[in-house]
Amino acid sequence: MNAARTDWPLWEVFVRGRRGLSHTHAGSLHAPDAEMALRNARDLYTRRNEGVSIWVVPSARITASSPDEKDPFFEPSADKPYRHPTFYEVPEGVQNL
């Protein structure tokens, strides 16, 4: 393997399928820049024409919460019961909301 390739940044690939409304994580790849990452993602993750849109994001630019801190991180949402559909009563005769 070329030594320069080990220095290429890691990119996360998200693909929106033909029938999908949102992009889903398809995988990761190394590429020197965004344009090459897009081309490589197309070749690697949409070989059977299953995608209509691709996003590539540098892995180093993603900030994520830690699964170990799940309870304290999501705790503030627990005190907002009005956000949960169980708070509301559905009137009789309503079939679709």
Side-chain angles (χ1 to χ4, degrees):
M1 176 179 251
N2 186 344
R5 289 186 184 187
T6 61
D7 295 337
W8 288 357
L10 183 65
W11 298 80
E12 299 302 323
V13 179
F14 299 85
V15 176
R16 185 176 70 161
R18 292 188 184 277
R19 296 185 183 178
L21 297 177
S22 60
H23 288 75
T24 57
H25 186 255
S28 305
L29 55 83
H30 289 274
D33 56 38
E35 184 178 338
M36 184 61 75
L38 270 175
R39 290 177 187 226
N40 290 348
R42 177 199 60 204
D43 295 343
L44 187 60
Y45 294 108
T46 63
R47 288 179 275 182
R48 295 180 188 97
N49 294 325
E50 62 269 42
V52 296
S53 176
I54 299 174
W55 293 345
V56 291
V57 181
S59 293
R61 301 292 299 166
I62 295 175
T63 304
S65 63
S66 169
D68 296 336
E69 298 172 359
K70 179 183 93 129
D71 292 336
F73 185 77
F74 290 103
E75 186 176 320
S77 65
D79 65 351
K80 297 174 178 69
Y82 55 85
R83 292 184 175 178
H84 304 288
T86 56
F87 182 76
Y88 304 100
E89 290 189 25
V90 179
E92 284 188 44
V94 174
Q95 296 178 1
N96 298 312
L97 282 179

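In this text, all values refer to a predicted model and were calculated from it rather than measured experimentally. Atom set for the values below is all heavy atoms of this structure, side chains included, hydrogens, waters and symmetry mates excluded.
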If you compare all heavy atoms of [X] against all heavy atoms of [Y], which two are closest, and at what distance to 0.1 Å?
X     : Y     : result
His30 : Trp11 : C-CD1, 4.4 Å
Ala26 : Val15 : CB-CG2, 3.8 Å
Val13 : Ala41 : CG1-CB, 3.6 Å
Asn40 : Ala31 : ND2-CB, 4.2 Å

* Within residues 36-46 or reaching into it, pairs that qualify as salt bridge (Lys or Arg N to Asp or Glu O under 4.0 Å) - sequence neighbours excluded -> Glu35-Arg39

* To do: Taking side chain to side chain contact (heavy atoms under 4.5 Å, CB included) as the test, write out the residues that go with Ser66, two or more places apart.
  => Asp68, Glu69

* Asked: By ring-ring contact (aromatic ring centres under 6.0 Å, His included), which residues pair with Tyr45, not counting sequence neighbours?
  -> none

Sequence neighbours excluded and cut-off under 3.5 Å, please list the side-chain donor-acceptor pairs for residues 52-63, or say none.
| residue | atom | partner | partner atom | Å |
| --- | --- | --- | --- | --- |
| Ser53 | OG | His23 | NE2 | 2.9 |
| Trp55 | NE1 | His23 | NE2 | 3.4 |
| Ser59 | OG | Leu10 | O | 3.4 |
| Ser59 | OG | Glu12 | OE2 | 2.5 |

